[in-house]
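Below is one structure; the comments refer to it alone.
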Amino acid sequence: SSLTSVNIPNSVATIGKWAFRGCSGLTSVTLPDNVTSIEAHTFEACSKLTSITIPNSVTSIGVDAFYRCSSLVSVTIPSSVTSIGIGTFQNCSGLTSVTIPGSVTQIILQAFKDCSDMAYMVVLPTNPPTLGSSVFSNVPKDIPVFVPNVENYASWGGFTNIQAYGLDAVKGAAIAIINAAMAGVTNLTDDDIQAISNCKATIGNATEQDAIDAAKSTALDIIKLRSVKNDILAAIDSAAEEATTLTETDLQAINAYKAAIDSATGYDAIVAAKNAAMTIIILQPAKDAAL
């Protein structure tokens with residue numbers, strides 16, 4: 001549960017069943033180009049996993065591979081994949097968009113069930129992928145779904161806002177997601193805002209779908225990280241207020257950890273500083289009681 005990141009070497013071709021199931025601290029994964037298969041339940045319940053890069057070598061993604069990855073905000077499915085399996089992204093409640101490559105011919109049952117925050121989809125196959133039962137259950141049906149031919153996709157998946165695919169329309173949807181996410185997070189720093197603006201500029205200049213997806217994902221990661229920082233800083237302040245016998249030395253140390261949290265660029269550094277600050281806060285009343 002404390003594993004935050006993993007780099008898998010190029011010698012690995014298959015990520016086996018259940019390999020990282022329940023790694024609740026895992027925030028990022030990079031898969032090597034030799035991986036051809038992600039098997040069943042591999043990343044199930046990795047609740048802090050925000051992004052994953054799936055290389056073009058992957059041809060199959062197993063049952064429930066990313067089931068309950070509730071922090072996953074963006075994923076790019078490579079053009080080597082022809083089928084999206086049972087429950088692959090089910091209960092990925094934070095997933096805001098997905099691009100389905102032109103190679104996909106079928107999406108099996110419940111693949112995107114309960115992806116309730118989905119804001120738009122890009123579906124690139126000329127012929128609509130066949131759908132199993134409840135593929136898009138509890139996904140908003142009025143979101144923009146960008147497709148190469150609107151006539152071919154009439155009533156596909158029960159969606160009511162199917163539009164002709166165009167980079168400008170997708171760019172607008174991506175930037176709208178970023179703006180909506182920013183509106184919900186307070187205390188964004190100047191550095192945060194500048195980095196997000198850079199991502200939006202990248203989206204505006206993009207000539208390929210992958211570049212749009214990558215820049216949007218980066219911007220949302222920045223916003224999500226700031227939200228986590230805000231929550232943790234508030235928790236530290238609340239705990240410190242209840243510990244009435246903290247010394248000046250204690251307070252200085254706690255403030256140093258708060259500064260470390262504020263400047264951290266990764267989730268593991270945030271957690272380490274939070275734990276250190278909380279230890280001081282918890283330890284001082286225990287000292288007083290013992291004395």
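The structure presented is a predicted model; accordingly, all values stated were derived computationally and were not measured.
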If we only count heavy atoms from C-beta on, is the [X] to [Y] side-chain gap below 4.5 Å?
| X | Y | result |
| --- | --- | --- |
| S79 | N56 | yes |
| F146 | S97 | no |
| C199 | T202 | no |
| P55 | L31 | yes |
| I223 | I196 | yes |
| Q106 | P129 | no |
| L188 | V185 | yes |
| T105 | N127 | no |

Hey, mind stepping through N34 and N10 against side-chain hydrogen bond (donor to acceptor under 3.5 Å, both in side chains) and telling me if it holds?
-> CA-CA 6 Å; N34 288 340; N10 288 329; 5.0 Å; no
Have [X] and [Y] got a donor and an acceptor in their side chains that come within less than 3.5 Å?
| X | Y | result |
| --- | --- | --- |
| S227 | N230 | no |
| K48 | S24 | no |
| D213 | T99 | yes |
| N161 | Q163 | yes |

In this structure, would [X] and [Y] fall into the same cluster of hydrophobic residues linked by side-chain contacts under 4.5 Å?
| X | Y | value |
| --- | --- | --- |
| V58 | I8 | yes |
| V29 | W18 | no |
| L109 | I84 | no |
| L225 | I193 | no |
| V98 | I175 | no |

Report task. Please test S47 against R68 for side-chain contact (heavy atoms from CB on, under 4.5 Å), starting from the C-alpha separation and ending with a verdict. Result -> CA-CA 7 Å; S47 57; R68 290 194 293 141; over 6 Å; no
Say you draw a straight line from [atom1] of [X] to [atom2] of [Y]; how long is it, rounded to the nearest 0.5 Å?
| X | Y | atom1 | atom2 | value |
| --- | --- | --- | --- | --- |
| F66 | N91 | CZ | CG | 15.0 Å |
| K224 | K229 | NZ | NZ | 14.5 Å |
| I232 | D237 | CD1 | CG | 12.0 Å |
| L283 | M278 | CG | CE | 14.0 Å |
| D250 | N255 | CG | CG | 11.0 Å |
| I86 | K113 | CD1 | NZ | 12.5 Å |

For the student: nearest non-hydrogen atoms of [X] and [Y], plus distance:
| X | Y | result |
| --- | --- | --- |
| Y165 | P148 | CB-N, 4.2 Å |
| I61 | A65 | CG2-CB, 3.6 Å |
| T96 | L220 | OG1-CD1, 3.6 Å |
| A19 | I15 | CB-CG2, 4.0 Å |
| T207 | L167 | O-CD1, 3.4 Å |
| A264 | I270 | CB-CG1, 3.7 Å |

Tell me if a side-chain donor or acceptor on [X] pairs with a main-chain N or O of [Y] at a distance below 3.5 Å.
| X | Y | answer |
| --- | --- | --- |
| T218 | A214 | yes |
| T88 | G85 | yes |
| S57 | D33 | yes |
| T42 | I38 | no |
| T59 | S80 | no |
| T160 | K141 | yes |

### Query
Are E44 and R21 close enough for a salt bridge, meaning some N to O gap below 4.0 Å?
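Looking at R21 together with E44, the answer is yes, because their closest N to O distance falls below 4.0 Å.
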* Lys/Arg-Asp/Glu bridge criterion (N-O < 4.0 Å) met for K17, D64 ->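 Salt bridge absent between K17 and D64.
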From the list V147, V145, V170, I212, side chain to side chain contact (heavy atoms under 4.5 Å, CB included) partner of V122 resolves to V170
message = Parallel, tilted or perpendicular: which one describes the rings of F89 and F112, with boundaries at 30° and 60°?
response =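 The rings of F89 and F112 lie parallel, inter-plane angle below 30°.
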Would the F136 and W156 ring centres measure less than 6.0 Å apart? yes
*Show the numbers, then the answer: is there a side-chain hydrogen bond (donor to acceptor under 3.5 Å, both in side chains) between K200 and N179?*
CA-CA 10 Å; K200 290 163 71 173; N179 289 339; 2.8 Å; yes
- request: Would you check, one step at a time, whether the test side-chain contact (heavy atoms from CB on, under 4.5 Å) holds for V104 with T82?
  value: CA-CA 4 Å; V104 172; T82 59; over 6 Å; no
If you apply the rule side-chain contact (heavy atoms from CB on, under 4.5 Å), what do you find for I107 with T130, and how did you get there? CA-CA 6 Å; I107 304 175; T130 58; over 6 Å; no
Check your understanding: Counting only heavy atoms not in Y120, do more than 12 sit closer than 6.0 Å to its OH atom?
Key -> yes
For the pair I254 and Q252, evaluate side-chain contact (heavy atoms from CB on, under 4.5 Å) and give the outcome as yes or no after the intermediate values. CA-CA 5 Å; I254 290 166; Q252 287 176 6; over 6 Å; no
With R226 as partner, the option from D231, D190, D221, D192 fulfilling salt bridge (Lys or Arg N to Asp or Glu O under 4.0 Å) is D192
